[in-house]
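See below for the structure under consideration.
Numbered from 1 within each chain, the chains take letters A, B, ... in sequence-line order. Values in this document were obtained by computation on a predicted structure and should not be read as measured data.
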Number of protein chains: 2
Amino acid sequence: MRAEDSDVRMRLLVAAKRLFARQGYDGTSVRQICEEAGANVALVSYYFGGKENMFQALFDTFFPKALIMEFVDRQVDPINGVKELVREVMRFHTTEPELVVLLNQEIALNSPRIDIIRRNAFPIWIKLRELLRQGREDGVFHFRSLDHTMMTVLGNVLFHKQRNYFLPILIGDSNDQEAAIEDSVDFVMRGLQANTDIISQ
Amino acid sequence: MRAEDSDVRMRLLVAAKRLFARQGYDGTSVRQICEEAGANVALVSYYFGGKENMFQALFDTFFPKALIMEFVDRQVDPINGVKELVREVMRFHTTEPELVVLLNQEIALNSPRIDIIRRNAFPIWIKLRELLRQGREDGVFHFRSLDHTMMTVLGNVLFHKQRNYFLPILIGDSNDQEAAIEDSVDFVMRGLQANTDIISQ
DNA sequence: GTCTATAAGCCGATAGAC
DNA sequence: GTCTATCGGCTTATAGAC
């Protein structure tokens with residue numbers, strides 16, 4: 001098993017990812033998933049043992065555990081660490097948009113699946129907290145509350161996935177993804193009052 | 001009609017608001033709402049004409065239309081305008097937390113109810129866009145893309161409602177709500193490279 | 001591995017009694 | 001205004017045939 005991954009199994013996962021992202025977990029039926037995947041209704045039970053377990057399988061398959069672990073273990077100074085974290089997370093949003101939308105829904109709903117998400121995503125946010133804490137200790141960042149600052153930085157990084165909702169009032173002057181990412185990097189650095197002249201890049 | 005508001009009708013609305021916020025629109029049944037409100041199952045149809053219309057009634061009842069209209073019509077300079085907008089919206093999150101959570105869910109799901117939300121909320125976001133545009137024109141704000149900057153400022157303001165999800169990795173050093181709001185105001189002003197020495201407060 | 005057929009239950013909505 | 005009883009439809013899940 002792997003690579004072609006039983007084919008049907010992988011088709012079911014891809015269909016589930018797409019439909020969950022579009023309609024939500026509750027709003028998507030096993031029947032729909034199977035129709036989209038061109039598979040029989042009974043095969044969700046056969047391959048995953050139910051809709052619930054399929055959700056877990058979705059993360060095991062598409063969440064970039066290895067990338068996160070590699071980033072978490074890397075040793076960087078706080079400034080370049082936060083910069084790289086902002087970049088990597090924002091880029092992930094364009095490589096796996098459906099998974100990100102699904103994540104966002106489950107978090108908003110505080111769903112029973114939320115611990116599956118936490119288990120997968122928290123290592124990177126703990127790394128962010130540590131970078132901020134270290135940066136303040138080193139005197140390169142300046143802020144009052146670590147909690148509130150972490151939420152603020154996360155907002156800068158993660159909120160852009162709500163873009164679709166605001167589309168009707170956007171004017172369309174931001175098509176360059178990499179430029180947008182660098183704008184966010186700079187915005188965050190200014191917000192943190194980072195001494196970019198100490199260690200720069 | 002008004003004030004006691006037929007009592008049962010209002011109890012149904014309050015129950016719906018709470019349960020939708022906790023379990024989502026799809027995840028909450030009309031039966032549950034009526035049980036929570038101590039009312040008969042048939043009364044949702046009687047008072048609102050169905051679950052869908054009840055959602056609309058929720059916004060007609062609890063969304064602060066008047067406050068928003070008053071803010072939108074007020075004439076302020078860009079710097080104090082953005083500052084006040086950040087404050088007012090963040091405060092609203094503490095006065096109507098359940099409605100805000102529900103809003104967030106519907107936006108994340110891109111639900112069929114999303115236009116009801118847009119109709120109610122967009123005036124304030126259009127005001128934000130105008131303040132940012134005017135501020136750049138006046139030379140008090142400095143940024144590349146209006147769209148991306150609006151999304152970034154919105155992220156600073158709105159992302160804090162995701163706080164519950166991140167609770168397990170917060171250290172608990174941010175209990176002062178008003179201090180947190182001022183931190184966000186300052187973060188945003190620095191991010192926008194605002195010339196606070198021109199017009200200050 | 002894949003299928004059909006069906007079980008058992010919850011959903012929203014309402015007709016009609018009081 | 002409030003209730004009970006019920007309808008038709010959809011849900012997840014699975015037993016058993018092939």
Would you indicate, yes or no, if [N] has its OP1 or OP2 atom less than 4.0 angstrom from a side-chain nitrogen or oxygen of [X]?
X     : N      : result
A:Y47 : C:dT2  : yes
A:N40 : C:dG1  : no
B:S29 : C:dC10 : no

In whole Å, I'd like the distance from the [atom1] atom of [X] to the [atom2] atom of [N].
X     : N      : atom1 : atom2 : value
A:E35 : C:dT4  : CD    : P     : 13 Å
A:Q32 : D:dG9  : CD    : C1'   : 15 Å
B:L43 : C:dA13 : CG    : P     : 14 Å
B:I33 : C:dC11 : CD1   : P     : 11 Å
B:L12 : D:dG1  : CG    : P     : 13 Å
A:E52 : D:dT11 : CD    : P     : 17 Å
B:R11 : D:dT2  : CZ    : C1'   : 12 Å
A:Y46 : D:dA15 : OH    : C1'   : 15 Å

Query raised in the report: How would you label the contact of B:F48 with the nucleic acid (heavy atoms, under 4.0 Å): base, sugar-phosphate, or nothing?
Result: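 It contacts nothing in the nucleic acid.
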Requested in this report: Assign B:S45 to base, sugar-phosphate, or nothing according to its heavy-atom contacts below 4.0 angstrom with the strands shown.
Outcome: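 Base contact.
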What's the closest nucleotide to the side chain of [X] if the choices are [options]?
X     : options               : result
A:K51 : D:dA13, D:dC3, D:dA15 : D:dA13
B:R31 : D:dA13, C:dA13, C:dT2 : C:dA13
B:V41 : D:dT4, C:dT2, C:dT4   : D:dT4

Query raised in the report: Do the numbers put A:R113 on top of the ring of A:F55, so that NZ or CZ is under 6.0 Å from the six-membered ring centre and no more than 45° off the axis?
Result: yes
Report task. State, yes or no, whether a side-chain contact exists between B:F187 and B:D183 at a heavy-atom distance under 4.5 Å. Result -> no
Query raised in the report: Can any side-chain N or O of B:N195 pair as donor or acceptor with the backbone N or O of B:G139 at less than 3.5 Å?
Result: yes
Query raised in the report: Centres of the A:F20 and A:Y25 rings: under 6.0 Å?
Result: yes
Report summary line: In B:K127, B:K83, B:R74, the residue satisfying salt bridge (Lys or Arg N to Asp or Glu O under 4.0 Å) with B:E88 is B:R74
